[in-house]
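This report concerns only the one structure given below.
Side-chain atoms are counted along with the backbone in the values below, which use heavy atoms only and exclude waters and symmetry mates. To find a chain, count down the sequence lines: A is the first, B the second, and so on, and within it residues start at 1.
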2 protein chains.
Amino acid sequence: MQTNCKTCPFKTKATSMLCDCSLESLTNNHLELKLKKGDSIIKQGMYSTNVVFLRTGLAKIHLAGPYTEQIVKMVNAPSYLGLPTTFGSKINQYSVTAVSDVEVCFIDLEVFQTILDENKEFTREIIQEFCKNELEYFHRCANRTQKLIRGNMADALLEFADNIFKTDTFILPLSQAELANLIDTSRESVSRVLSEFDKDGIVRINGKSIEILNKKSLQLISQNG
Amino acid sequence: MQTNCKTCPFKTKATSMLCDCSLESLTNNHLELKLKKGDSIIKQGMYSTNVVFLRTGLAKIHLAGPYTEQIVKMVNAPSYLGLPTTFGSKINQYSVTAVSDVEVCFIDLEVFQTILDENKEFTREIIQEFCKNELEYFHRCANRTQKLIRGNMADALLEFADNIFKTDTFILPLSQAELANLIDTSRESVSRVLSEFDKDGIVRINGKSIEILNKKSLQLISQNG
DNA sequence: TAGACAATGTGATGCATATCACAAAATAAA
DNA sequence: TTTATTTTGTGATATGCATCACATTGTCTA
């Protein structure tokens, strides 16, 4: 479903029927931005009347837990962010921060709502995305809490390799402290487990660069705990 | 938005515009059932081409974790269940089981899809529901893993009282073993914490009957951990 | 090229809670 | 009612991991 649109910024092979520019309303109702790694895209607690389209790059969704900030999801482009705010209180309930350089479009929520109303295909895709995410959360709930740290770390590495970067050699986009927030553990444990994996020849670590040497082992560790 | 419909079974004050029976397609395309406590509504791993409307009663969504079955969400009527299956593989990715007697309607997914296409209001409500749930999962991720058992138990009791039964005196719909699966702990710890709460005068427990005596305390315990 | 600050490695210690092991009670079945 | 089965209460023990403490390395800035 690649639709390289000439008049609007959505030139991506997205989930997005937005690129069907019969939706000319969009062309005049968005703000396009390039943001740098570390920049805030959505800030918890702030008022907002926009949906954000993450056009390129990688971001983390995170929010304040009772003690520390928790990363609940990594999101790579293309993806829509901030919908719950749109339909809810207009106060952002979570933060989104770029972990790579990103391109984003801010779309007025009323415009977005109109598009939803007028475009069945797009609506269907959005709902499908929600369904996919819901399943992800369910599995996360069932897995994260039952597995030991090694299992969760294995899952995180496999997720980066298989779903996010789609290669077994990549640069970790998160610090060890952030990784700890993602897999519900402490910074120190992340450090220990990573060097264990390296020592056991499962991965090769070089600063922030990671190469997965033995994916089968990782999958086994993921299953055992 | 109460619409007591005469021709279709959806006579509930639902999220549901389905009761707007301009949707006569529905009237002839559903199966209505009364199920008993403990009956399975949706079974993980089974093929299905239905969405389920939970008309009355209370259910639990649960799925197989690496070690034990995990309860990921309690759902009370009115609510739609099984949408991810609809839009996904048609193999149920989770189970839903009645924890009280329930009334459910099985709706063919093509009929459901048609309704979505034809009814903007309904679609909007469904999306809103997804958004609400997503926020719930995020908060669950951030809370459940950071809090101690007492905090999670306090949350569960407050959830039952405030959101599910809407009264401070209720009958626990789950066994202690199920409660343990809900708040990520062991059966024994559930037993211990509940009797602690009782001993401290925070709740009064009598078999499965629970009365919350000191809600402020529960909220404090929830915050501290 | 220094100096400062952030990110990482690694040992020692403590603690929350899982697990094991039964007893007691409640519920279901016969 | 009696028997069988599930649910619950409670102690003792084991353990995975958080926390603390500090050394080391890496990275930015002036």
Ring centres under 6.0 Å, that's the criterion: do A:Y80 and A:F112 meet it? yes

Is a side-chain donor or acceptor of [X] paired with a backbone partner of [Y] at a separation under 3.5 angstrom?
X      : Y      : result
A:Q223 : A:L220 : no
A:Q44  : A:A64  : yes
A:T56  : A:E103 : yes

Rounding to a whole Å, what distance do you find between [X]:[atom1] and [N]:[atom2]?
X      : N      : atom1 : atom2 : result
B:Q146 : C:dT17 : CD    : P     : 14 Å
A:L172 : C:dA6  : CG    : C1'   : 17 Å
B:L174 : D:dT8  : CG    : P     : 10 Å
B:R144 : C:dA16 : CZ    : C1'   : 17 Å
B:D184 : D:dG16 : CG    : P     : 19 Å
B:M153 : D:dT8  : CE    : P     : 11 Å
B:N206 : D:dT8  : CG    : C1'   : 14 Å
B:I149 : C:dC15 : CD1   : P     : 17 Å

State whether [X] and [Y] are salt-bridged, where the test is any N-O pair (Lys NZ or Arg NE/NH1/NH2 against Asp/Glu carboxylate O) under 4.0 Å.
X      : Y      : result
A:D198 : A:R204 : no
A:K34  : A:D101 : no
A:E129 : A:K132 : yes
B:D155 : B:K147 : yes

Who passes side-chain contact (heavy atoms from CB on, under 4.5 Å) against A:E134, sequence neighbours left out? A:F138, B:P84, B:Y94, B:F130, B:N133, B:Y137

Using a heavy-atom cut-off of under 4.0 Å over every strand shown, decide if B:S191 touches base, sugar-phosphate, or nothing. base

Pick base, sugar-phosphate or nothing for B:S186, based on heavy-atom distances below 4.0 Å to the nucleic acid. base

With the side chain defined as heavy atoms from C-beta on, A:L148 is closest, among D:dC17, C:dA16, C:dT8, to D:dC17

From C:dA18, C:dA16, C:dT8, nucleotide with atom closest to A:S175 side chain: C:dT8

OP1 or OP2 of [N] less than 4.0 angstrom from a side-chain nitrogen or oxygen of [X], does that happen here?
X      : N      : value
B:K208 : C:dA26 : no
B:Q176 : D:dT6  : no
A:S189 : D:dG16 : no

D:dG11 base / B:R192 side chain donor-acceptor hit below 3.5 Å: yes

Provide a list of protein-nucleic acid N or O atom pairs under 3.5 angstrom, restricted to nucleotides 21-25 of chain C.
none

Check: B:Q70/B:D184 side-chain N/O donor and acceptor closer than 3.5 Å: yes

Distances under 3.5 Å only, N/O to N/O: pair up the protein atoms with those of nucleotides 25-30 of chain D.
none

